[in-house]
Amino acid sequence: MTTQDSCPRCNASPEDINHLFRACFKAVDLWGATAFGQIMRGNLDSSIVVWFGKNLQKSKLIELNVDGCWYSAKRNAGIGRIFRDTKGTWILGFYGKLNAESSTTVEIWSIYRGLTIILEKGLVNVDIESDSLVVVNLVNEGNPGNHP
């Protein structure tokens, strides 16, 4: 963008953010050569701010909810993972069983398996949620050294 009223690339006016990203035929050619250009197509009747708001919400997040249960007497555990969009619509889910030494171990394995599914499916923008504060802190802050 410049301080001039007209676009220095195509001489159209006004030179504004909407023109820079979607209206200038020379800029559109440049954007079209990138992955960003594929995203920018469509909705040319709305302002760029409205367009970004709508499209960022569409691709905002996938939520992965993980949980585990543990029966200490037998060291048996169950794990589950549910992937949902931001509206809560089910995308996919998995469950399994394992032997574990603690409920924390079960939660960590549930997250680990969720991460492998994310990689296998090529998912992006995934928010992982767990009801275990201990595990959330371990993931966010690392092992403090006094944790097994």
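The analysis underlying the following values was restricted to heavy atoms, covering all of them including side chains, and did not include hydrogens, waters or symmetry mates. Please read all numbers here as calculations on a predicted model, not as lab measurements.
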Please check this pair: side chain of Glu107 against backbone of Val135, looking for a donor-acceptor N/O pair closer than 3.5 Å.
no

4.5 Å side-chain heavy-atom contact, Asp67 and Val106
no

Minimum-distance pair of heavy atoms, taken over all atoms of Ile118 and Phe83
CG1-CE2, 3.7 Å

Residue pair Ala100 / Trp70: nearest heavy atoms and the distance that separates them
O-NE1, 3.0 Å

Between CG on residue Asn125 and CD on residue Glu63, distance to nearest 0.5 Å:
12.0 Å

Student check: side-chain heavy atoms of Ile91 and Asp85 closer than 4.5 Å
yes

Smallest separation among heavy atoms of Ser130 and Val136, with atom names:
O-CG2, 3.9 Å

So do Ile128 and Asn65 actually touch side chain to side chain, heavy atoms under 4.5 Å?
no

Cluster link Leu123 to Leu115, ILVMFWY, side chain under 4.5 Å:
yes

Exceeds 12 heavy-atom contacts within 6.0 angstrom, atom CZ of Phe94:
yes

Rounded to the nearest 0.5 angstrom, the CG-CZ distance for Leu98 and Arg113 is 12.0 Å

For the CG atom of Leu64 and the CD1 atom of Ile82, what is their distance to the nearest 0.5 Å?
9.5 Å

Separation between NZ of Lys121 and OG1 of Thr116, rounded to the nearest 0.5 Å:
10.5 Å

Could you tell me whether a side-chain N or O of Ser110 sits under 3.5 Å from a main-chain N or O of Gly80, the two making a donor and an acceptor?
yes

side-chain contact (heavy atoms from CB on, under 4.5 Å) between Asn76 and Asn99, intermediate numbers included:
CA-CA 5 Å; Asn76 291 335; Asn99 293 322; 3.2 Å; yes

Can you tell me how far apart CZ (Arg81) and CD1 (Ile111) are? Round to the nearest 0.5 Å.
11.0 Å

Between the CG atom in Leu133 and the CG atom in Leu138, the distance rounded to the nearest 0.5 Å is 9.5 Å

Taking the basic N atoms (NZ, or NE/NH1/NH2) and the acidic carboxylate oxygens, is any pair closer than 4.0 Å for Arg84 and Glu129?
no

